[in-house]
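Every heavy atom of this structure was used, including side-chain atoms; hydrogens, water molecules and symmetry mates were not. Since we're looking at a predicted model, the values are computed, not measured.
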Amino acid sequence: MIRAGAVILSLTATQANAADFYFCWIGANDYTMTGQMTIPDAALGQPMVTEADVTRFKIAGYQAGSLLGKWDMASRQDGASWMLRYDPGRAVFVTPGELGLGVTQAWNANGNANDCGNPGFGFNLGNYAQDFCLDGQWVEESGMPPDTPFLVSPVPIDPYCRTYAPVS
């Protein structure tokens, strides 16, 4: 019984030392994406948070409000693209122009947005565009210019970037 209590106490302490963040991306042609990530408090003091710091991450993509697909780091396949660059001081995902990199966000989608699996869903923020990958194909019509700001919020949001809609 003591062991179970210690586990519960440990889980509570871990959850108390992390923060949840939410984001909503608005692409072209009524494409949107919601997401959620959990970052330990210790990592939030760094100038840049990477995929190595995030303890939970999930996204869901939509077109005209209809779900296209989901992805989360917990179910990540070996070799799947997974890169994240988040500036906690400004509450933004960093763009390639800011870091001088070709890609700064690769969430189950590489720089060509063509490796998300079939079936599969992913998002890429590279030096050509911010866009989706769906079923192993680049969704060109979802694209936004690469330096479009991509903000992060402490408040949950829906597929239209308005109110709460959890990614499950």
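Atom-to-atom distance recorded for Tyr86:OH and Leu44:CG is 7.0 Å, nearest 0.5 angstrom. Note: Met33 CE to Phe123 CZ = 4.5 Å, rounded to the nearest 0.5 Å. Taken from CE in Met144 to OG in Ser142, the straight-line distance is 10.0 Å, to the nearest 0.5 Å. Considering CD of Gln36 and CG of Asp72, their distance stands at 11.0 Å, rounded to 0.5 Å.
Counting only residues at least two apart or in different chains, salt bridge (Lys or Arg N to Asp or Glu O under 4.0 Å) contacts with residues 135-152 are absent. Screening residues 93-103 for salt bridge (Lys or Arg N to Asp or Glu O under 4.0 Å) gives Arg90-Glu98 as the qualifying pairs, with residues at least two apart or on separate chains. Sorted by first and then second residue, the ring-ring contact (aromatic ring centres under 6.0 Å, His included) pairs involving residues 35-58 (not counting sequence neighbours) are Phe23-Phe57, Phe57-Trp82, Phe57-Trp107. Residue pairs meeting the side chain to side chain donor-acceptor pair (under 3.5 Å) criterion with at least one partner in residues 112-124, sequence neighbours excluded, are Ser81-Asp115, Asn110-Asn114, Asn124-Asp131. Among residue pairs with one or both ends in residues 38-135, those qualifying as disulfide (SG to SG under 2.5 Å) are Cys116-Cys133; sequence neighbours excluded. Within the structure, the salt bridge (Lys or Arg N to Asp or Glu O under 4.0 Å) test picks out no pair touching residues 117-130 (sequence neighbours left out).
A search for side chain to side chain donor-acceptor pair (under 3.5 Å) contacts involving Gln63 returns nothing, not counting sequence neighbours. Evaluation of the ring-ring contact (aromatic ring centres under 6.0 Å, His included) rule for Tyr31 yields Phe132 as partners, not counting sequence neighbours. Residues meeting the side chain to side chain donor-acceptor pair (under 3.5 Å) test with Asp20, sequence neighbours left out: Thr38. Under the side chain to side chain donor-acceptor pair (under 3.5 Å) criterion, Ser66 pairs with no residue at all, not counting sequence neighbours. Listed by chain and residue number, nothing satisfies the side chain to side chain donor-acceptor pair (under 3.5 Å) test with Asp30 (two or more places apart in sequence, or in another chain).
A pairwise comparison of heavy atoms in Asp87 and Pro47 identifies OD1-O, 3.9 Å as the closest pair. Listed here is the closest heavy atom pair of Tyr62 and Thr34: CE1-OG1, 3.7 Å. Contact between Pro96 and Pro146 at its shortest, heavy atoms only, is CD-O, 4.1 Å.
Side-chain contact check for Arg85 versus Glu51: some heavy-atom pair is nearer than 4.5 Å. Side-chain contact between Val92 and Pro149 is absent, with no heavy atoms from C-beta onward closer than 4.5 Å.
Under the 3.5 Å distance criterion, the side-chain polar atoms of Gln105 are left unmatched by any main-chain donor or acceptor of Thr95.
Connection of Val152 to Met73 is established within a shared hydrophobic cluster, with ILVMFWY side chains joined at heavy-atom distances below 4.5 Å, either directly or through further cluster members. No continuous path of hydrophobic side-chain contacts links Ile26 to Ile59 [ILVMFWY only; heavy atoms under 4.5 Å]. Taken together through direct or relayed side-chain contacts under 4.5 Å among Ile, Leu, Val, Met, Phe, Trp and Tyr, Trp138 and Leu125 form parts of separate hydrophobic clusters.
If you chain together ILVMFWY residues whose side-chain heavy atoms come under 4.5 Å of each other, Leu101 ends up grouped with Met48, Met83, Val94, Leu99, Val103.
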Phe93/Trp25 under side-chain contact (heavy atoms from CB on, under 4.5 Å): CA gap, chis, key distance, verdict
CA-CA 11 Å; Phe93 288 111; Trp25 175 80; over 6 Å; no
